[in-house]
Visitor: 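Below you will find the structure I want to go over with you.
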Amino acid sequence: MAIRAIRGFKDILPGESEKYRFMEEQARRVFKNFGFAEMRLPILEKTELFARGIGDHTDIVEKEMYTFKDRKGESVTLRPEATAGIMRAVLEHKLYSQGRELKLFTIGPMFRYERPQKGRLRQFTQINSELIGSKSPLADAEIVWQAWEILRRCTSAELRLEINSLGCPECRPLHRKDLDLFLENQAGELCEDCRRRSKTNPLRIFDCKQDRCRSILKFAPVIKHYWCPECSKHLGKVLDHLEIIGIPFVINPFLVRGLDYYVRTTFEIIAQGLGAQNTVAAGGRYDGLSQVLGGPDLPGVGMAVGMERLLILLDERDYSDRVQLFIAALGADAREEALEWLRELRKRNVCVQMSYEDKSLKAQMKQADRLKTPFVLIVGEKELEDEEAILRDMETSQQKAINLDDVIDEVLKELGISGKKESSQA
RNA sequence: GUGGGCGUAGCUCAGUUGGUUAGAGCGUCGGGUUGUGGCCCCGGAGGUCGAGGGUUCAAAUCCCUCCGCUCACCCCA
């Protein structure tokens, strides 16, 4: 084959696109219930936005971004995540105002230049929500709640919510200092990766899978012992809220985030069956981001659901749209009559099809069967003469004659559709 | 970026120690008489065996190089 899709980019074909739409619909319903409004943002941003927002020395910025120069020589980047862009837009349009929080969501593709594997693509889709302008622990809880609710509506897979606090600019540096000291002393005992990490991203050390490192790290300083009273209280409240809402959680004192902007609450929702990339949703609080981007002091908390990962977890069932009626018309006259019915029924939002060719009845029945349509309306010369069409129930094989004048009403009745008017949107 | 596994029909895969026209199931198309789908039976179409090079009388099969897919490390949604 001549040209293929780019590595890590995939086509979403019929059969799968319906699943994406299903996930989106569930998310949109949840957002509606929570009073969140949609934002649609550019996919391309100035590179500087992510360099500043996510953090210069993060892996994402250092080696995973699709960055290139545009025709005028400006460095631009395909967004690797949504939060920085949302905050940029909020600041640019001054959507914030004193004492009023912003509740926003967005759904769309993100890009990271990584080696593809199960649950990881170079173009992937995220459902994002951000609650900007509130420091309240209830805001944190609502964001977690949304993620949980969206997942719960989409899958019956086992889910585990892990939560932690990263501390704040008051207490985090104290922990960091002690951790650095500890790692310096233990450097000789740690694996190669961990020695590298202890320089670049010390918190990530706790993710190491080597038994040897793990046993050493048992004695490493843990953030929870460094939380300031405010941070402790904040996390406590978030957990209280989660308990009232009824979302089970486990505290993971080693849970960290790869993006610089996170403070305090951080969480991941982990699922079985995803392979190594088992985080299906994650998020946290990012109170400093606005100021890093040159904005006012705007607290925020947000989350992202990875749709390709959630896709793997979707319950096994048919997500496709069903044809409601197939019209098997035989001969030119009958096909003309059928075309009129198509027009009337489609006006009423009935999903109805007929063959593009004047094929044998057998062939048309076969076509209808493949479409899994519940009813077939049969009309040929005989029927036109008798002024009756035949409506066949494909499941029971029962047929009944319908007067040509009553076809539309009878079909609607059989399909359980009452209204003559177009049904309004759901 | 590093490592493992795998590339044969649209899909899932067989293919024995190299040996003639490369197979199966599913799908697809047609048929099993006149205007009725599913099940069954019969038949057809569909393959540069990932690409290139090498060994050999002979390569899907052995060797080399490259490409792709996939899983894992790393990292993350």
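Computed from heavy atoms alone, side chains included, the values below leave out hydrogens, waters and symmetry copies. Per chain, numbering begins at 1; letters A, B, ... match sequence-line order. What you see is a predicted model; the values in this text were computed from it and never measured.
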Visitor: With RNA chain B as reference, determine whether A/Pro116 or A/Gln126 sits nearer its 5' end, using the nearest nucleotide of each.
Guide: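 Between the two, 5'-proximity favours A/Pro116.
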Visitor: Any luck finding a side-chain donor-acceptor pair between A/Glu45 and A/Thr77 under 3.5 Å?
Guide: no
Visitor: Write down the distance separating the C1' atoms in B/A22 and B/A9, rounded off to the nearest Å.
Guide: 11 Å
Visitor: Would you mind reading off the distance between A/Gln277 atom CD and B/C71 atom P, rounded to a whole angstrom?
Guide: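 Going from A/Gln277 (CD) to B/C71 (P), I get 10 Å.
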Visitor: B/U28, B/G35, B/G37: which one has an atom nearest the side-chain heavy atoms of A/Lys362?
Guide: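 Between B/U28, B/G35, B/G37, the one nearest the side chain of A/Lys362 would be B/G37.
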Visitor: Can A/Arg122 be said to sit on top of A/Phe111's aromatic six-ring, NZ or CZ under 6.0 Å from centre and within 45° of the ring axis?
Guide: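 Relative to the ring axis of A/Phe111, which defines the angle, A/Arg122 lies outside at least one limit.
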Visitor: With a 4.0 Å cut-off on heavy atoms, is A/Glu268 in touch with a base, just the backbone sugar-phosphate, or nothing at all?
Guide: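 Since no nucleic acid heavy atom lies under 4.0 Å of A/Glu268, the category is nothing.
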Visitor: Looking at A/Lys359, I'd like to know if its NZ atom is crowded, meaning that more than 12 non-hydrogen atoms belonging to other residues, nucleotides or ligands lie closer than 6.0 Å.
Guide: yes
Visitor: Across all strands shown, which nucleotide pairs with B/A22 by Watson-Crick or G-U wobble geometry, both distances under 3.5 Å?
Guide: none
Visitor: Rounded to whole Å, please give me the gap between CZ in A/Phe9 and P in B/C69.
Guide: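 So the two atoms are 12 Å apart, to the nearest Å.
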Visitor: Using modelled atom types only, decide if a donor and an acceptor are shared between the side chain of A/Thr47 and the backbone of A/Ser75 within a distance under 3.5 Å.
Guide: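 Here the side-chain-to-backbone pair exists.
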Visitor: For a quick check of understanding: with a heavy-atom distance under 4.0 Å over all strands, which category does A/Gly283 fall into, base, sugar-phosphate or nothing?
Guide: nothing
Visitor: Regarding B/C71, can its base be found pairing with the side chain of A/Arg115 as donor and acceptor, where the two atoms are less than 3.5 Å apart?
Guide: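 Such a pair does not exist between side chain and base.
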Visitor: Answer yes or no: does atom CD of A/Glu381 have more than 12 heavy-atom neighbours from other residues, nucleotides or ligands under 6.0 Å?
Guide: no
Visitor: Which nucleotide, in any strand shown, forms a Watson-Crick or G-U wobble pair with B/G30, with both distances under 3.5 Å?
Guide: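 WC or wobble partner is B/C42.
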Visitor: For the P atoms, the ones on B/A59 and on B/G54, what distance do you get once it is rounded to whole angstrom?
Guide: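 These two P atoms come out 12 Å apart once rounded.
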Visitor: Measure distances between side-chain N and O atoms of A/Gln117 and base N and O atoms of B/C75, and say whether any donor-acceptor pair falls under 3.5 Å.
Guide: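 Check fails, no donor-acceptor contact within cut-off.
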Visitor: Could you identify the nucleotide paired to B/C62, looking across every strand shown and requiring Watson-Crick or G-U wobble geometry with both distances under 3.5 Å?
Guide: B/G54
Visitor: Expressed in angstrom and rounded to an integer, what is the separation of A/Leu274 atom CG from B/C75 atom P?
Guide: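 Atom-to-atom, A/Leu274 to B/C75, this comes out as 19 Å.
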Visitor: For the side chain of A/Glu395 and the base of B/G38, is some donor closer than 3.5 Å to an acceptor across the two?
Guide: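 Answer is no: no donor-acceptor pair is held.
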Visitor: Counting the atoms with a prime plus P, OP1 and OP2 as sugar-phosphate, which does A/Gln364 contact under 4.0 Å by heavy atoms, base, sugar-phosphate, or nothing?
Guide: nothing
Visitor: Pick the nucleotide of RNA chain B nearest each of A/Val256 and A/Arg392; which residue has the one closer to the 5' end?
Guide: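 Final value for this comparison: A/Arg392.
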Visitor: Counting heavy atoms from C-beta on, name the nucleotide in B/G3, B/A77, B/G35 closest to the side chain of A/Lys382.
Guide: B/G35
Visitor: When you compare B/G25 with B/G15, how far apart are their C1' atoms, in angstrom units rounded to a whole number?
Guide: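 15 Å, rounded to whole Å.
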Visitor: When you get a sec, tell me which of B/U36, B/A77, B/C69 is the closest nucleotide to the side chain of A/Arg4?
Guide: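 Given the options B/U36, B/A77, B/C69, the side chain of A/Arg4 is closest to B/C69.
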Visitor: When you compare B/C6 with B/C75, how far apart are their P atoms, in angstrom units rounded to a whole number?
Guide: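 My reading of the P atoms in B/C6 and B/C75 gives 28 Å.
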Visitor: How close or far is atom P of B/U33 from atom CG of A/Leu361, stated in whole angstroms?
Guide: 15 Å
Visitor: Given side chains that start at C-beta, do those of A/Gln117 and A/Arg115 come closer than 4.5 Å, heavy atoms only?
Guide: no
Visitor: Take atom C1' in B/G10 and the same atom in B/G5, then report the distance between them in whole Å.
Guide: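 After rounding to an integer number of Å, I get 25 Å for this pair.
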Visitor: Which whole-number value in Å describes the distance from A/Glu16 CD to B/C11 C1'?
Guide: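 So the CD-C1' distance, A/Glu16 to B/C11, works out to 15 Å.
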Visitor: Quick check: any donor-acceptor pair below 3.5 Å linking the side-chain of A/Arg7 to the base of B/C69?
Guide: no
Visitor: Using atom C1' in both nucleotides, what's the gap between B/U61 and B/G50 to the nearest angstrom?
Guide: 16 Å
Visitor: What nucleic acid atoms does A/Ile390 come within less than 4.0 Å of, heavy atoms only: base, sugar-phosphate, or nothing?
Guide: base
Visitor: Determine whether A/Asp140 and A/Arg285 satisfy the following criterion, salt bridge (charged side-chain N to carboxylate O under 4.0 Å, His left out), listing intermediate values before the conclusion.
Guide: CA-CA 7 Å; A/Asp140 305 47; A/Arg285 180 162 278 283; 2.7 Å; yes
Visitor: Quick one: are the ring centres of A/Phe36 and A/Phe105 less than 6.0 Å apart?
Guide: no
Visitor: If I take atom CG in residue A/Leu391 and atom P in nucleotide B/G37, what distance separates them, rounded to the nearest angstrom?
Guide: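 Taking atom P of B/G37 as the reference, CG of A/Leu391 is at 17 Å.
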Visitor: How is A/Ala281 classified with respect to the nucleic acid when contacts are heavy atoms under 4.0 Å: base, sugar-phosphate, or nothing?
Guide: sugar-phosphate
Visitor: Would you measure the distance from the C1' atom in B/C69 across to the matching atom in B/U33 and give it in whole Å?
Guide: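 Per the computed distance, 50 Å lies between those C1' atoms.
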Visitor: Would you measure the distance from the C1' atom in B/A58 across to the matching atom in B/A14 and give it in whole Å?
Guide: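 One C1' to the other, the span is 23 Å.
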Visitor: Rounded to whole angstroms, how far apart are CD on A/Glu64 and P on B/C74?
Guide: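 Result: 13 Å.
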Visitor: So does A/Thr373 reach the base of B/G37 with its side chain, donor to acceptor, closer than 3.5 Å?
Guide: no
Visitor: When we call it a touch if two heavy atoms are under 4.0 Å apart, what does A/Leu121 touch: a base, just sugar-phosphate, or nothing?
Guide: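 Here A/Leu121 touches the bases of the nucleic acid.
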Visitor: What is the distance, to the nearest angstrom, from the CZ atom on A/Arg122 to the C1' atom on B/C69?
Guide: 13 Å
Visitor: Using a cut-off of 4.0 Å on non-hydrogen atoms, how would the nucleic acid contact of A/Ile378 be classed: base, sugar-phosphate, or nothing?
Guide: base
Visitor: Name the nucleic acid region contacted by A/Arg370, choosing base, sugar-phosphate or nothing; use a 4.0 angstrom heavy-atom cut-off, strictly under.
Guide: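 Sugar-phosphate, no base atom in range.
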Visitor: Please classify the nucleic acid contact of A/Thr125 as base, sugar-phosphate, or nothing, using heavy-atom distances under 4.0 Å.
Guide: nothing
Visitor: Applying a 3.5 Å limit to both distances, which nucleotide forms a Watson-Crick or G-U wobble pair with B/C69?
Guide: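 Base-paired to B/G5.
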Visitor: Considering only side-chain heavy atoms of A/Ile60, which listed nucleotide, B/C76, B/G37, B/C71, is closest?
Guide: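 When the side chain of A/Ile60 is considered, B/C76 is the closest of B/C76, B/G37, B/C71.
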